[in-house]
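Some notes on the structure that comes next.
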Amino acid sequence: MIKIASYNMRKAIGTDRRRRPERTLEVLREIDADVIALQECDRRFGQRMGVIPAHMLEEHTDWCSVPVAARAQSMGWHGNGLLIRKSAQLLDCERIELPALEPRGAVSADIRIDGMLLRVVGMHLDLSGLWRRKQAAAILSHCDNAAQKMPTVLMGDLNEWSAASGCLRDFARHHHFATTGPSFHARRPVGRLDRIMASPELKIVDAGVHDTAAARTASDHLPIWATVERA
C-alpha cells in the first residue's frame, strides 16, 4: 500500500501568525506519507522562494521535491509542490496550466514506488465555483490525454464547500473520493475543502484527517491522508 497526503501549509504561517517551516516539517514527519501534495509552499511575492529551505528537506526528511518549479528559488508552481520518498523513482513531471482570473496551476508527477506505477496531481483551485469547474475540466482533460495511462491520484485544496456539487461532481464521474473528513479551519474543522480522489484502478484502503497539536497550530488547514493499493 502507498500512503498519500495533501496539505495546504499556508506558507508555513501558523494560527499563531508566525512563520515556522520547522513546524511544518514536524507535521509532515508525523504524517509520514510516501507522496505529499503541498499547497502554498512558496512565498507569494518577489522571487516566490520556497518557504521550506532545501537543506532542511535534504538533511532532516526522507523526501525530495519534484522539480516542477518555474523559478529557481521556488519549491512549487503557483504554490503547488510535490514531495516523494527519496527511494521513489521519478519518471516524469509536468506543470498543468489552469484557466483563471488570477494565476493558478496544478502539478503532476509519474512515479514508481514500491513496485507500483502512480500518477499524482496536486492542485489548489479557485475561490469561484465557475472557475473551479473550468479548472477541474482542464485537469481531467490533461489526464485523459496523457500518452501513457496509469493509476492516478488527484489531491489538493479544492475550495469547494458543497457536499457533492460543482467541481466535486465533475471529478466524481471518473474518480472516487477518500473519506477524509473536514480539514478547515484547523482550530475547529467544519469544511471539507481538502480532498483526495483516486482513479478506478486504485482502491482506497483507509483515509483521515491528521489532527494533532502540531497540525492545529502549523496552518489554518489540517493535512489529509489516504492509503491506496491496486484495485
Side-chain angles (χ1 to χ4, degrees), residues 1-9 24-25 27-41 52 57 61-66 68 75-77 79-94 96 106-125 136 139-140 142-143 146 149-158 168 171-172 174-184 192-212 215 218-219 221-231:
M1 290 187 294
I2 305 298
K3 187 174 185 181
I4 55 180
S6 179
Y7 189 24
N8 184 330
M9 53 182 282
T24 302
L25 286 181
V27 174
L28 296 179
R29 283 193 293 263
E30 288 179 349
I31 302 167
D32 196 30
D34 300 299
V35 184
I36 306 171
L38 297 174
Q39 301 87 52
E40 299 192 21
C41 66
I52 299 176
L57 197 66
T61 79
D62 188 36
W63 302 289
C64 59
S65 178
V66 174
V68 293
M75 174 185 285
W77 190 58
N80 294 285
L82 293 170
L83 302 180
I84 61 174
R85 294 279 190 202
K86 293 174 181 175
S87 59
Q89 180 184 5
L90 178 63
L91 305 175
D92 193 16
C93 61
E94 293 184 83
I96 306 172
V107 291
S108 173
D110 296 346
I111 63 173
R112 180 179 285 111
I113 182 167
D114 292 343
M116 181 190 291
L117 285 175
L118 187 67
R119 175 168 293 137
V120 181
V121 178
M123 68 190 78
H124 189 181
L125 301 189
I139 291 167
L140 292 169
H142 177 87
C143 294
K149 307 300 181 185
M150 64 179 64
T152 301
V153 170
L154 313 177
M155 53 184 172
D157 180 355
L158 272 56
L168 300 183
F171 284 122
H174 303 288
H175 297 78
H176 50 288
F177 285 77
T179 308
T180 52
S183 56
F184 181 86
R192 297 178 182 234
L193 303 188
D194 304 284
R195 299 279 184 156
I196 294 175
M197 304 158 278
S199 65
E201 301 90 348
L202 295 170
K203 176 184 177 182
I204 298 172
V205 179
D206 198 7
V209 176
H210 185 76
D211 188 356
T212 64
S219 170
H221 287 247
L222 295 172
I224 59 172
W225 60 271
T227 52
V228 300
E229 64 182 9
R230 290 298 300 258

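Both backbone and side-chain heavy atoms feed into the values below; hydrogens, waters and symmetry mates do not.
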Considering all heavy atoms, the nearest [X]-[Y] contact:
X: C41; Y: G81; value: SG-N, 3.8 Å
X: P223; Y: A215; value: CD-CB, 4.0 Å
X: I96; Y: W77; value: O-CZ3, 3.1 Å
X: S108; Y: R119; value: OG-CG, 3.9 Å
X: G76; Y: V68; value: CA-CG2, 4.2 Å

Quick one, [X] and [Y] - any side-chain contact, counting heavy atoms below 4.5 Å?
X: C143; Y: L154; result: yes
X: I111; Y: V66; result: no
X: V121; Y: H142; result: no
X: V153; Y: I196; result: yes
X: M197; Y: L158; result: yes
X: L28; Y: L83; result: yes
X: C93; Y: L82; result: no
X: I84; Y: C64; result: yes

### Query
Above 12 or not: heavy atoms from other molecules or residues under 6.0 Å from NZ of K149?
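Buried by this count: over 12 neighbours within 6.0 Å.
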
For [X], which residues count as a side chain to side chain donor-acceptor pair (under 3.5 Å) partner, sequence neighbours excluded?
X: H210; value: E30
X: T61; value: none
X: S183; value: D194

Gap separating the [atom1] atom of [X] from the [atom2] atom of [Y], nearest 0.5 angstrom:
X: W63; Y: L57; atom1: CH2; atom2: CG; result: 8.0 Å
X: I36; Y: M9; atom1: CD1; atom2: CE; result: 10.5 Å
X: D114; Y: S87; atom1: CG; atom2: OG; result: 6.5 Å
X: I2; Y: M116; atom1: CD1; atom2: CE; result: 5.0 Å
X: T24; Y: L38; atom1: OG1; atom2: CG; result: 9.0 Å
X: D206; Y: T180; atom1: CG; atom2: OG1; result: 11.0 Å

Is [X] reaching over with its side chain to a backbone N or O of [Y], donor-acceptor style, under 3.5 angstrom?
X: E229; Y: M1; answer: no
X: T152; Y: S199; answer: no
X: H176; Y: L202; answer: yes
X: S6; Y: I224; answer: no

### Task
Applying ring-ring contact (aromatic ring centres under 6.0 Å, His included), name anything that partners F184, two or more places apart in sequence or on another chain.
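Applying ring-ring contact (aromatic ring centres under 6.0 Å, His included) to F184 gives H221.
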
#### Entry: Intermediate values then yes/no, side-chain contact (heavy atoms from CB on, under 4.5 Å), M155 and V120
CA-CA 8 Å; M155 53 184 172; V120 181; 3.5 Å; yes

### Task
Run the salt-bridge test on K86 and D62 with the 4.0 Å N-O cut-off and return the result as yes or no.
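So K86 does not pair with D62 through a salt bridge.
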
### Task
Please name all residues satisfying salt bridge (Lys or Arg N to Asp or Glu O under 4.0 Å) with D211, sequence neighbours left out, ordered by chain then number.
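Partners of D211 under the salt bridge (Lys or Arg N to Asp or Glu O under 4.0 Å) test: R216.
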
### Task
Please list, chain by chain and in numerical order, all residues satisfying salt bridge (Lys or Arg N to Asp or Glu O under 4.0 Å) with D34, sequence neighbours excluded.
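Residues passing salt bridge (Lys or Arg N to Asp or Glu O under 4.0 Å) with D34: R85.
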
### Query
In a check of side chain to side chain donor-acceptor pair (under 3.5 Å) between D157 and each of H124, R195, Q39, which one passes?
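It is H124, the one option of H124, R195, Q39 that forms the side chain to side chain donor-acceptor pair (under 3.5 Å) with D157.
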
